[in-house]
Amino acid sequence: MNKVIFGLLVILTTALMGSSFAIGKIGLAYTSPMLLAAIRFILAGLIMAIIVVKLIKRPHPSKTIDWAKLAIIGLFQTAGVMGCIFVGLRTISAGELSILTFMNPLLVIIFGTLFCKTRYAPQQWAGVFLGFIGVFITMGAHLDLKTGTLLGLMSAISWSLATLLMKNWGHAIDTWVMSAYQMLCGGVLLLIGSYLFEQPFFIITTASMLILLWLAIMASIVQFSIWFFLLQKGDSAKTSAFLFLAPFFGVLSGFILLDEPVHWYVALGGSLIFVGIFLVNWTSHQVATIEKSM
């Protein structure tokens, strides 16, 4: 694949990932957080389901257990991650929340070691160490346990658990089908959560509808489609390393769209997290061999 086109697509998909934090925070002026996340992913899941059934005609699971696995993945990947993100946006900046959320590759190393007995190389553990120092600095070099901070950490934990589940169960389920139905299942769970844990409201205006369509189509369907395409065309480990660009765009979009200040400790801590994620994901042939041997 042409390197220029590949690079442009990487920038586009990570920019869509990162900017969704700021755009989502703008959307909270018109709707309750969990309801916004629910409508976003129900809409995105329905559109994706139509695509996988009617257009690309991907094979669907035939066993009840596989559909149950899709629901569990949706619980962690969509309901858990996005529920924490959208509620967390109420109390901390979009930039800080994006940095905390995208530390999930660091947690994958820890949980993979604890639960899956996976072996990782020293450079990856160095990445985890640098990443957590970066998180500490990002929080202002003290344990500032604001609600949004805790929810940002919970979103990263939920994402890392979903990653491990998809790694273990994904071989039996088509990637596009998994993406569509886990979004749909997660969206339904978020809708239930909205009516249980908040007072849901949605103010219909031109702005609110444009925000919803952007989040559902551009930041979900288009973003996922491009990302899966890149993973198929390039080396998955090296391509995944570019995820460190997403929190950069999260901070940048927060600065541009919301006029959020970029404090020096956020910039320094974010930089260390980026380096940590880079070391975790940019695996050498030797590292890949260690992982495959397990």
Side-chain angles (χ1 to χ4, degrees), residues 15-50 71 74-102 146-156 158-159 162 179-224 246-247 249-260:
L16 288 172
M17 287 183 196
S19 64
S20 65
F21 288 82
I23 295 173
K25 187 155 190 169
I26 295 172
L28 295 184
Y30 305 95
T31 177
S32 53
M34 293 185 73
L35 182 61
L36 176 58
I39 298 174
R40 169 189 177 180
F41 286 102
I42 289 175
L43 180 58
L46 286 173
I47 295 173
M48 281 290 287
I50 293 171
L75 170 64
F76 287 100
Q77 180 64 50
T78 294
V81 175
M82 295 301 165
C84 289
I85 287 174
F86 277 82
V87 176
L89 284 170
R90 281 178 159 177
T91 58
I92 64 173
S93 71
E96 289 176 302
L97 189 56
S98 66
I99 289 173
L100 293 172
T101 298
F102 279 101
K146 291 186 287 189
T147 302
T149 304
L150 292 174
L151 287 170
L153 294 173
M154 288 173 62
S155 70
S158 187
W159 195 345
S179 176
Y181 291 105
Q182 70 86 14
M183 283 196 292
L184 186 56
C185 290
V188 171
L189 291 172
L190 283 167
L191 185 61
I192 295 171
S194 173
Y195 281 92
L196 289 177
F197 303 116
E198 66 181 9
Q199 294 183 341
F201 70 93
F202 191 98
I203 302 172
I204 299 177
T205 66
T206 301
S208 66
M209 295 307 296
L210 288 175
I211 289 170
L212 176 59
L213 290 174
W214 179 273
L215 290 173
I217 297 174
M218 295 302 298
S220 297
I221 297 173
V222 173
Q223 180 261 304
F224 273 118
F249 284 115
V251 173
L252 181 63
S253 60
F255 174 74
I256 294 173
L257 298 176
L258 300 170
D259 198 27
E260 292 179 347

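- Annotation: side chain of Phe249 is not in contact with side chain of Phe21 (no heavy-atom distance under 4.5 Å).
- Heavy atoms from other residues, nucleotides or ligands lying under 6.0 Å from CZ of Phe202 number more than 12.
- Counted within 6.0 Å of CD1 on Ile204, heavy atoms from surrounding residues, nucleotides or ligands total 12 or fewer; the atom is thus considered open.
- The stretch residues 85-95 participates, sequence neighbours left out, in these side chain to side chain donor-acceptor pair (under 3.5 Å) pairs: Ser93-Glu96.
- Side-chain atoms of Ser208 come within 3.5 Å of backbone N or O of Ile203 as a donor-acceptor pair.
- Contact detail for Trp159 and Gln77: the closest heavy-atom pair is CD1-OE1, 3.3 Å.
- Judged as a side chain to side chain donor-acceptor pair (under 3.5 Å), and not counting sequence neighbours, Ser253 has no contacts.
- Leu257 CG to Ser19 OG: the interatomic distance, rounded to the nearest 0.5 Å, is 7.5 Å.
- What you find for Ala94 and Leu258 is that their closest heavy atoms are CB-CD1, 4.2 Å.
- Distance check, rounded to the nearest 0.5 Å: CG of Leu36 to OG of Ser194 gives 10.0 Å.
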Taking only distance into account, with no hydrogens and no angle test, what donor-acceptor pairs under 3.5 Å do side-chain atoms of residues 179-190 form with protein atoms, sequence neighbours excluded?
residue: Tyr181; atom: OH; partner: His60; partner atom: NE2; Å: 2.9
residue: Gln182; atom: OE1; partner: Thr78; partner atom: OG1; Å: 2.7

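- Partners of Ser155 according to the side chain to side chain donor-acceptor pair (under 3.5 Å) rule, which considers only residues two or more places apart in sequence or in another chain, are Thr101.
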Residues 211-224 side chain polar contacts: donor-acceptor under 3.5 Å, at least two apart:
residue: Ser220; atom: OG; partner: Arg40; partner atom: NE; Å: 3.0
residue: Ser220; atom: OG; partner: Arg40; partner atom: NH2; Å: 3.3
residue: Ser220; atom: OG; partner: Leu215; partner atom: O; Å: 2.7

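- Met154 CE: 12 or fewer foreign heavy atoms inside a 6.0 Å radius.
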Under 3.5 Å, which donor-acceptor pairs link side chains of residues 23-35 to any protein atom two or more places apart or in another chain?
residue: Lys25; atom: NZ; partner: Leu89; partner atom: O; Å: 3.1
residue: Lys25; atom: NZ; partner: Ile92; partner atom: O; Å: 2.8
residue: Thr31; atom: OG1; partner: Phe201; partner atom: O; Å: 2.9
residue: Ser32; atom: OG; partner: Glu198; partner atom: OE2; Å: 3.0
residue: Ser32; atom: OG; partner: Phe201; partner atom: N; Å: 3.3

